[in-house]
A.B. asks: 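Mind looking over this structure? Questions follow.
Small disclaimer: the values here were computed from a predicted structure and weren't measured. Quick note on labels: first sequence line is chain A, next is B, and so on, each numbered from 1.
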Amino acid sequence: MHGSLFSHTEAELIKAARQGDGSAFAELLRPQYQSAFRVAYGLLHDSDEAEDAVQEAAFKAWRRLGNLREGSSLRPWFLAIVANQCRNVGRSKWWTVLKTEPPESEAAAVDVAAGVDLRRALLRLSYDERLIVVLRYYLDMPFEEIATTLGISPKAARNRVERAVHRLRPIVQIQGAAV
Amino acid sequence: MEEEMLFERIHAALEVQPPAGAYERLRVALNQRPVKPSMRPAFPMRWSNMSFRMAAGLALVALALAILAAIFAVHSTSNNYVPAGRGMSISAYQKMVADDDAAALAAFAGPCDTTTHSACLADATRGIPAVQKWIDDLTHAATPARFKVVDAEMRLHLTENLTALHDLVAAAQAGDGPAIDRAFVVAVYATDWTNAVIPSITSSQQVDAAAYQKSVQSYKKSLDTCSSCILVLSGKGNDCVTSKGIPCEILFGQTALAYVEFDAAIIRKAAPAALATKDARLQDDLAQADAVLLTMNRALAANDQAGFNAAVPQLQRITGQIDRDANAILQS
């Protein structure tokens, strides 16, 4: 399949991708790429690892494309595969080393420290808590979409977000006290 | 906490664009490695008797090859050891540590947390022999000079981890929830330390003076601007063990990480010979800080506010030394 891919509907692209058309599958993922990368970066905190995780997830998703039910949306299905891929990458990384560039100025140093501390706080959440915080506050997902992505009810999604925020709250206090 | 504030802070902390050309690389990869998506049922083919026998034969051959490979791997690992006194090459030491780390990681299916004791118990049971073997390997190895200081630190953390894993198993078997939590705090700290430092050991390379100084400068700045460290060293976090205001789990974890990252950085980019003396001083002082942080973590696990507070002046003093060590390196 070459040329006018933009005129193809999602269903046509899925059909072509199921027949092994890589361009069609890449085109299907194009609108989801930014979100997928953000999920991966929010979970792994490393651009290179995030790009690799999205690429691996893309191949897994392609192999499992037959499992995508007709009429269901690609986005939550693909983001769930990305999240699972990141879970494997991040296995046992309870305390990932953050790579940070030296700040340019003293004022910037405070901002960088605050950002780094929040990222460190995120890394100390359990994987599931981090995922739900990323989906809610980084991808700005409504509870309904979080629920679809995680295969839970919207009410459970709301509860999980509240629990994760409860765990995250102290770090914001720390930042406020230190700067 | 206001929703709006969380949206803003998390966006500010994580805001990043995919690397240039990332989607394009994905598109190319998908085109270069086409896959045939599987449809349910996964394997709809029918097997003839002949093809079944051939497949079984191939499986037996593969199994035999795997056994031979395993025997070879065990044999070649045992050949990595050099009798004490003859010294061990840097690459052999790196390989030994990488292998032991991989074996320990494989034993842990985490992440687990204090709400999933059963998962942690399974991890601990699998982890004990792996950590014990790691300690034994370090004990029998003649450590290269570059890794002498970090090797001693690693043994401390692994021994701490081993004790904690035994405690965790015993507490879980006794159904003692608070003891499980205490052991968990110690075990996680030890594992976190190895996760942070081992990649630096296994990728350690000697660099020139400029690269080494740049690394020292970067991580010194990171330590200087670590807001949790500022709180701990100023004494503002000194009620965190008992207070519900600022849990020590986060305050202490971030403080310890800033020191460990510094430690890891100067191992990853090892000092040139011209700066070896000053580097040794910095390594020693970071190791001293590490020992104090271990004491603080034990106090944290035991809910011992007084023990935690007693260690703070020591950390202050050593941090001053680290600062002087780093400045001496930067002024060279």
Side-chain angles (χ1 to χ4, degrees), chain A residues 17-18 20 22-23 25-26 29-30 33-34 37-38 41-42 47-48 51 54-55 58-59 62-67 91-98 100-103 109-110 112-115 117-122 124 126-127 133 137-138 140 165 169-175 177-179, chain B residues 1 3 5-7 9-14 16 18-19 22-23 25-27 29-40 105 108-111 113 115 188 191-193 195-196 199 217-218 221-222 224-228 230-231 236-237 245-247 249-251 253-254 257 260-261 264:
Chain A
R18 278 178 174 165
S23 297
F25 192 60
L29 295 188
R30 186 194 289 273
Y33 190 84
Q34 177 98 358
F37 181 83
R38 283 173 152 230
Y41 182 78
S47 286
D48 294 337
E51 185 183 341
V54 172
Q55 193 164 115
F59 278 100
W62 195 5
R63 280 186 208 102
R64 296 178 201 163
L65 199 53
N67 297 349
R91 188 174 64 81
S92 294
K93 280 189 178 179
W94 280 322
W95 205 29
T96 306
V97 179
L98 291 172
T100 52
E101 291 300 318
V110 175
V112 168
D117 280 356
L118 186 52
R119 280 187 278 156
R120 282 176 179 153
L122 282 170
R124 294 190 73 80
S126 74
Y127 176 86
V133 167
Y137 296 105
Y138 191 31
D140 308 339
V165 168
R169 184 175 288 134
I171 191 58
V172 178
Q173 293 173 355
I174 289 171
Q175 283 176 23
V179 291
Chain B
M1 186 183 305
E3 286 265 297
M5 182 175 72
L6 259 182
F7 278 115
R9 289 204 173 186
I10 288 179
H11 273 273
L14 294 177
V16 68
Y23 170 76
R25 284 191 287 279
L26 172 65
R27 198 183 61 75
L30 288 171
N31 276 304
Q32 283 177 344
R33 291 162 48 196
V35 298
K36 181 72 179 167
S38 65
M39 306 290 287
R40 294 191 196 107
L105 273 184
F108 291 93
D113 56 42
T115 60
V188 165
T191 307
D192 285 348
W193 187 92
N195 281 345
Q217 184 179 33
S218 170
K221 194 168 249 178
S222 183
D224 290 345
T225 56
C226 154
S227 48
S228 295
I230 294 167
L231 279 178
K236 284 184 186 170
I246 303 173
E249 183 196 349
I250 293 171
L251 186 66
Q254 293 184 25
L257 183 56
V260 174
E261 280 180 341

A.B. asks: Verify, without hydrogens or angle tests, whether B/Y23 (side chain) and A/A26 (backbone) share a donor-acceptor contact under 3.5 angstrom.
C.D. replies: yes
A.B. asks: What distance do A/F25 atom CZ and B/N31 atom CG have between them, rounded to the nearest 0.5 Å?
C.D. replies: 12.0 Å
A.B. asks: Which region of A/Y33, side chain (C-beta onward) or backbone (N, CA, C, O), has a non-hydrogen atom less than 4.5 Å from a non-hydrogen atom of chain B, or is it both or neither?
C.D. replies: side chain
A.B. asks: side-chain contact (heavy atoms from CB on, under 4.5 Å) with A/D140: which residues, sequence neighbours excluded?
C.D. replies: B/F7, B/H11
A.B. asks: With sequence neighbours excluded, what pairs up with B/P19 under the side-chain contact (heavy atoms from CB on, under 4.5 Å) test?
C.D. replies: A/F37, A/S47, A/E51, B/A22, B/R25
